[in-house]
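The next block holds one structure in the form of structure tokens; read it before the comments.
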Amino acid sequence: MLVSDTHRFLFVHVQKTGGVSVEHLLRPHLPEARTLAGLSRHAKLGQILTLEPALADYWTVGFVRNPWARLVSWYGMIQRFRQLADRGAPKAQRFLTGGGFMAAVARDYPDFESFVLRGPDDWPRLRTAQIRYLCAGDRTADFVGRTESFDADARVVLDRLGLPTGEAIPRDNAAPPRDYRGEYSPLMRDRVAALFAEDLEAFDYTF
């Protein structure tokens, strides 16, 4: 989440959609940008507006991603952290200890199938449709970019804010591209379709 009062702008950060890249792209141009104390960086629009209703008038942006690709990316990120932790990386070791989400995934789901079939029952974030982050009653995000067209959509945001659009677009935390379809059995594919039916309808995603 990022708020610029100067530009009357609100960015809602949906997990695993390129949000870190968006923040890194914008922060150098928005030195006054702030977050909201007491809320997660991945707070939903409804939570944000409950805490600060005046932000309903700000130009609001979020990014989304194909749900099947998003879950592959999510599990892959945790596996990369596991590998780093095994090599002694302090940050990765901190993430993978204790009772947090990443530690639990690394501990409790030995493969991607268990992550897809059991994880959403244990962790609400793994079953929450992306559209629910970007809606609050009748208020919805004014612009929804897509990870699949990230560079072009990020430049839409820059242009709307009057910021330079010619610079390179960062892709932080991005894994090498892969075909997510090969990671799914029919049962897993249908599980994701049921979990994220709202996203499939709202954003016209298909397997």
Side-chain angles (χ1 to χ4, degrees), residues 1-2 9-23 25-26 40-49 55-56 58-78 112-113 115-121 123-161 165 169-207:
M1 172 222 319
L2 204 62
F9 167 73
L10 169 63
F11 170 63
V12 181
H13 185 167
V14 181
Q15 301 102 315
K16 300 307 298 172
T17 62
V20 172
S21 295
V22 172
E23 291 189 13
L25 175 66
L26 294 177
S40 158
R41 71 186 297 186
H42 302 300
K44 300 179 181 69
L45 180 59
Q47 295 171 303
I48 294 168
L49 297 185
L55 295 178
Y58 282 27
W59 190 61
T60 299
V61 168
F63 277 71
V64 295
R65 186 176 197 168
N66 181 297
W68 290 279
R70 183 170 173 250
L71 287 184
V72 168
S73 175
W74 215 333
Y75 190 73
M77 176 191 69
I78 295 168
F112 183 56
E113 182 177 29
F115 177 72
V116 170
L117 298 182
R118 293 195 290 110
D121 293 330
W123 295 93
R125 73 186 69 180
L126 293 178
R127 62 177 185 264
T128 301
Q130 297 167 87
I131 189 67
R132 293 180 176 247
Y133 286 86
L134 302 174
C135 294
D138 294 334
R139 181 70 170 95
T140 61
D142 300 294
F143 177 74
V144 179
R146 296 174 183 248
T147 302
E148 296 80 11
S149 52
F150 186 82
D151 285 15
D153 292 343
R155 287 191 167 89
V156 170
V157 177
L158 291 171
D159 184 64
R160 172 63 171 74
L161 297 177
T165 59
I169 304 296
R171 295 303 300 269
D172 300 281
N173 293 338
R178 58 194 288 191
D179 185 355
Y180 62 84
R181 296 173 185 85
E183 306 294 330
Y184 285 91
S185 67
L187 179 63
M188 295 162 66
R189 178 198 63 205
D190 293 346
R191 168 71 159 153
V192 174
L195 287 169
F196 297 101
E198 291 176 271
D199 288 339
L200 304 188
E201 181 178 358
F203 306 118
D204 200 30
Y205 279 122
T206 62
F207 184 72

Exercise. Where the side chain of N66 meets the backbone of T206, is there a donor-acceptor pair that is under 3.5 Å apart?
Worked result: yes
Exercise. At their closest point, which heavy atom of E198 faces which heavy atom of A129, and how far apart are they?
Worked result: OE1-CB, 3.8 Å
Exercise. For the side chain to side chain contact (heavy atoms under 4.5 Å, CB included) test, which of K16, H42, Q15 pairs with R125?
Worked result: Q15
Exercise. Is R132 atom CZ crowded by more than 12 heavy atoms from other residues, nucleotides or ligands, each under 6.0 Å away?
Worked result: no
Seminar exercise, completed: So CZ of R127 and CZ of R191: to nearest 0.5 Å the spacing works out to 9.0 Å
Exercise. Where is the tightest heavy-atom contact between L49 and A136, given as atom of each residue plus distance?
Worked result: CD1-CB, 4.1 Å
Exercise. Any ion pair linking D204 and R146 (charged N to carboxylate O, less than 4.0 Å)?
Worked result: no
Problem set entry | S21 vs I169 side-chain heavy atoms within contact, under 4.5 Å | no
Exercise. Would you find a donor on one side and an acceptor on the other, under 3.5 Å apart, between the side chain of D199 and the backbone of I131?
Worked result: yes
Problem set entry | Atom of S73, atom of R65 and distance for their closest heavy-atom approach | OG-NH1, 3.2 Å
For this session: Mind telling me whether F112 and Y75 have parallel, tilted or perpendicular rings, with 30° and 60° as the class edges?
Result: tilted
Problem set entry | T128 side chain vs P124 backbone, donor-acceptor pair below 3.5 Å | yes
Exercise. Under 4.5 Å between any side-chain heavy atoms of V116 and E183, yes or no?
Worked result: no
For this session: Please confirm whether the backbone N or O of F207 pairs with a side-chain atom of R189, one donor and one acceptor, at under 3.5 Å?
Result: no
Problem set entry | For S40 against M1, the heavy-atom pair lying closest together | O-CE, 3.4 Å
Problem set entry | Candidate pair Y205 and Q130, rule side-chain hydrogen bond (donor to acceptor under 3.5 Å, both in side chains), full reasoning | CA-CA 12 Å; Y205 279 122; Q130 297 167 87; over 6 Å; no
Exercise. Below 4.5 Å, heavy atoms only, C-beta onward: do F150 and V22 meet side chain to side chain?
Worked result: yes
For this session: Determine, stepwise, if the pair L117 / M188 fulfils side chain to side chain contact (heavy atoms under 4.5 Å, CB included).
Result: CA-CA 7 Å; L117 298 182; M188 295 162 66; 4.2 Å; yes
Seminar exercise, completed: Tightest non-hydrogen contact, residues C135 and T140, listed as SG-CG2, 3.3 Å
Seminar exercise, completed: Of all heavy-atom pairs linking G62 and L134, the shortest is CA-CD2, 3.8 Å
For this session: Could you tell me whether the side chain of T17 and the main chain of T147 form a donor-acceptor pair under 3.5 Å?
Result: no
Exercise. What distance do F196 atom CZ and F203 atom CZ have between them, rounded to the nearest 0.5 Å?
Worked result: 12.0 Å
Exercise. Any side-chain heavy atom of R139 sitting closer than 4.5 Å to one from T60?
Worked result: yes
For this session: Evaluate the side-chain proximity of Y133 to V64: yes if any heavy-atom separation is below 4.5 Å, no if none is.
Result: no
For this session: Decide yes or no for R155 and D151: does some side-chain heavy atom of the first lie under 4.5 Å from some side-chain heavy atom of the second?
Result: yes
Exercise. Has the side chain of Y184 got a donor or acceptor atom that lies under 3.5 Å from a matching backbone atom of W68?
Worked result: yes
Problem set entry | Close side-chain approach of L26 to L161, heavy-atom, < 4.5 Å | yes
Problem set entry | Student check: side-chain heavy atoms of W59 and R160 closer than 4.5 Å | yes
Exercise. Got a second to check how far L126's CG is from L195's CG, nearest 0.5 Å?
Worked result: 9.0 Å
